[in-house]
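Working notes, beginning with the structure itself.
Order of the sequence lines sets the chain letters (A, B, ...), proteins ahead of strands, with each chain counted from 1.
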Amino acid sequence: MTPLDEQDEHVRLFRSAVLRFYSRHRRDLPWRRSQDAYHILVSEVMLQQTQVNRVIPKYERFLARFPTVHVLASARLRDVVRAWIGLGYNSRGLRLWRCAKIIAQRHGGVVPDDVEQLRALPGIGTYTACAIASFAYGKPHPAIDTNVRRVLSRVLFGRDSVSAAVLRRAAARVFPARAARRWCQALMDVAALHCRSSPRCEGCPALMTCRFAPKVARALPRRPSGSAAPRKAAFAGSPRFFRGRIIRILSGVGSMPVARLLSEAKDGSPKAEGARIASLVDDLRREGLLRIDRRRRRVWLP
DNA sequence: AACTCGGGGGG
DNA sequence: CCCCCAGAGTT
């Protein structure tokens with residue numbers, strides 16, 4: 001048996017173990033019950049940098065409120081933003097709304113199945129485009145997110161991470177074209193249930209073929225706990241904190257005086273000068289999340 | 001390549 | 001208190 005054959009055999013074992021694991025133990029997630037590409041689109045945007053458990057209730061509420069692309073496309077941004085509260089990264093909601101408008105106007109209300117066309121939509125990057133093409137349409141595009149990256153890096157290279165180029169080649173080599181729709185979701189379940197940031201190897205389907213597992217036993221220190229830690233800024237009082245507050249305040253009213261928004265936003269935060277908050281409001285206006293009538297000095301969500 | 005964008009739950 | 005989490009867009 002040549003080394004190449006050996007390697008191929010190794011990959012086959014890995015693949016079949018992961019797919020078998022998926023058929024038995026896969027998580028029952030709401031967006032996996034649907035084949036509707038719009039549902040997949042909504043779930044994937046919500047899942048950008050946001051945990052599954054927090055997305056589930058928002059996802060179901062969102063689709064009950066905006067059941068189709070057309071409903072979302074003709075909705076008011078304010079209603080979209082209100083449905084988005086609690087998910088964070090509000091501009092994702094804005095971009096999803098713009099996505100729906102483009103899909104309704106230029107794609108006949110059908111979410112594209114082509115990766116390039118998907119990539120061209122606002123808020124859809126490489127990962128999300130591949131995820132939609134693959135999960136909704138069964139097209140053979142590896143959707144490489146942090147989970148897939150971590151599992152493949154560990155199993156194939158015995159490291160927590162490898163360079164993007166190396167990983168891309170490895171992902172393509174391992175990718176089973178016949179199981180395109182399931183493969184990456186299977187890897188995500190392996191990541192969520194076993195190959196977590198801090199690994200739980202017991203019961204992992206990749207255990208036998210994993211180059212990382214042997215290293216896990218000797219526990220890693222896991223904490224430099226060093227003196228020179230850069231020390232992160234507090235969340236309260238940060239730009240993110242105030243942006244979130246501004247959006248939350250505005251989502252509850254039709255429109256309001258700019259001055260009142262500023263005072264309500266900094267309420268209870270004496271450190272925040274009005275000028276700083278005003279500049280955050282202007283950032284939000286530039287991004288398209290809110291509108292300002294300078295003459296009448298009023299602000300609102302479109 | 002480095003930053004910014006929310007918010008919550010867990011170690 | 002720090003870290004992580006189905007990333008994308010801008011500079």
Side-chain angles (χ1 to χ4, degrees), chain A residues 26-27 29-32 39-59 81 83-96 98-99 118-136 141-152 160-161 163-165 171 181-193 195-200 219-226 228-249 251 265 279-280 283-284 286-289:
Chain A
R26 79 185 143 98
R27 293 173 292 174
L29 304 172
W31 43 90
R32 287 180 177 171
H39 297 174
I40 308 294
L41 166 63
V42 170
S43 74
E44 287 303 334
V45 173
M46 287 186 172
L47 285 162
Q48 289 167 1
Q49 290 292 284
T50 306
Q51 296 92 325
V52 166
N53 287 328
R54 193 140 41 95
V55 167
I56 291 175
K58 307 290 183 187
Y59 167 82
V81 167
W84 207 265
I85 288 176
L87 280 169
Y89 294 120
N90 295 300
S91 48
R92 287 185 302 169
L94 168 63
R95 295 184 187 127
L96 179 58
R98 288 180 172 164
C99 248
L118 287 164
R119 262 272 17 210
L121 296 169
I124 309 295
T126 304
Y127 162 75
T128 306
C130 290
I132 294 169
S134 170
F135 302 163
H141 297 282
I144 303 176
D145 70 332
T146 64
N147 290 303
V148 173
R149 194 156 31 238
R150 188 173 61 242
V151 175
L152 294 183
D160 268 314
S161 67
S163 79
R181 201 185 290 264
R182 293 175 296 155
W183 175 244
C184 288
Q185 303 198 46
L187 288 181
M188 291 178 195
D189 282 7
V190 171
L193 301 170
C195 202
R196 306 156 71 118
S197 179
S198 105
R200 304 181 180 180
L220 22 164
R222 217 12 163 178
R223 174 58 57 144
S225 187
R231 185 66 183 269
K232 267 195 186 160
F235 176 69
S238 67
R240 287 185 177 194
F241 172 80
F242 285 114
R243 286 173 55 105
R245 255 166 79 138
I246 291 164
I247 293 299
R248 217 168 305 132
I249 292 168
S251 68
S279 115
L280 294 176
D283 289 345
L284 291 167
R286 255 195 308 277
E287 293 167 29
L289 270 164

From [options], pick the nucleotide closest to the side chain of [X]?
| X | options | answer |
| --- | --- | --- |
| R95(A) | dG9(C), dG11(B), dA6(C) | dG9(C) |
| R150(A) | dC5(C), dG6(B), dA8(C) | dC5(C) |
| R32(A) | dA6(C), dC5(C), dG11(B) | dA6(C) |
| S197(A) | dG7(C), dC5(C), dA6(C) | dC5(C) |
| T50(A) | dA6(C), dG8(B), dG6(B) | dG6(B) |
| R119(A) | dA6(C), dC5(C), dG9(C) | dG9(C) |
| M188(A) | dG6(B), dA6(C), dG7(C) | dA6(C) |
| R243(A) | dA6(C), dC5(C), dG6(B) | dG6(B) |

Checking [X] side chain against [Y] main chain: does a donor-acceptor pair fall under 3.5 Å?
| X | Y | answer |
| --- | --- | --- |
| R245(A) | A265(A) | yes |
| R32(A) | F135(A) | no |
| R181(A) | A136(A) | yes |

Looking at every strand, decide which applies to [X] at a 4.0 Å heavy-atom threshold: base, sugar-phosphate, or nothing.
| X | value |
| --- | --- |
| N53(A) | nothing |
| L29(A) | base |
| W84(A) | nothing |
| G125(A) | sugar-phosphate |
| T128(A) | sugar-phosphate |

message: Any donor-acceptor pair under 3.5 Å linking the side-chain atoms of R92(A) with those of Q48(A)?
response: no
query: How far does CH2 of W31(A) sit from CG of L41(A), to the nearest 0.5 angstrom?
result: 13.5 Å
Starting from [atom2] on [N], measure out to [atom1] on [X] and report it in whole angstrom.
| X | N | atom1 | atom2 | answer |
| --- | --- | --- | --- | --- |
| R149(A) | dC4(C) | CZ | P | 14 Å |
| I124(A) | dA6(C) | CD1 | C1' | 12 Å |
| I85(A) | dG8(B) | CD1 | P | 11 Å |
| L280(A) | dT4(B) | CG | C1' | 12 Å |
| K58(A) | dG7(B) | NZ | P | 11 Å |
| I247(A) | dG7(B) | CD1 | C1' | 14 Å |
| R286(A) | dT11(C) | CZ | P | 9 Å |
| N147(A) | dA6(C) | CG | P | 4 Å |

Quick check: any donor-acceptor pair below 3.5 Å linking the side-chain of [X] to the base of [N]?
| X | N | answer |
| --- | --- | --- |
| R92(A) | dA6(C) | no |
| R54(A) | dG7(B) | yes |
| Q51(A) | dG7(B) | yes |

- prompt: Nearest nucleotide by nearest heavy atom, which residue falls closer to the 5' end of DNA chain B, R200(A) or E287(A)?
  reply: E287(A)
Comparing R196(A) and R248(A) on DNA chain B - which has the more 5′ nearest nucleotide: R248(A)
task: Please measure how far the P atom in dA8(C) lies from the corresponding atom in dG8(B), and state the result in whole Å.
output: 23 Å
- request: In whole angstrom, give me the gap between the P atoms of dA6(C) and dC3(B).
  value: 23 Å
query: Quick one: is T146(A) getting a side-chain N or O under 4.0 Å of the dG7(C) phosphate, OP1 or OP2?
result: yes
- prompt: Is the distance from OP1 or OP2 of dG7(C) to the nearest side-chain N or O of Q49(A) less than 4.0 Å?
  reply: yes
statement: Mate of dG6(B) across any strand shown (Watson-Crick or G-U wobble, both atom pairs under 3.5 Å) is none
Earlier contact from the 5' end, DNA chain C, for G123(A) and E44(A): E44(A)
- prompt: Mind checking whether L47(A) and Y127(A) have side chains closer than 4.5 Å, heavy atoms only?
  reply: no
- prompt: Is any side-chain heavy atom of I249(A) closer than 4.5 Å to a side-chain heavy atom of I246(A)?
  reply: no
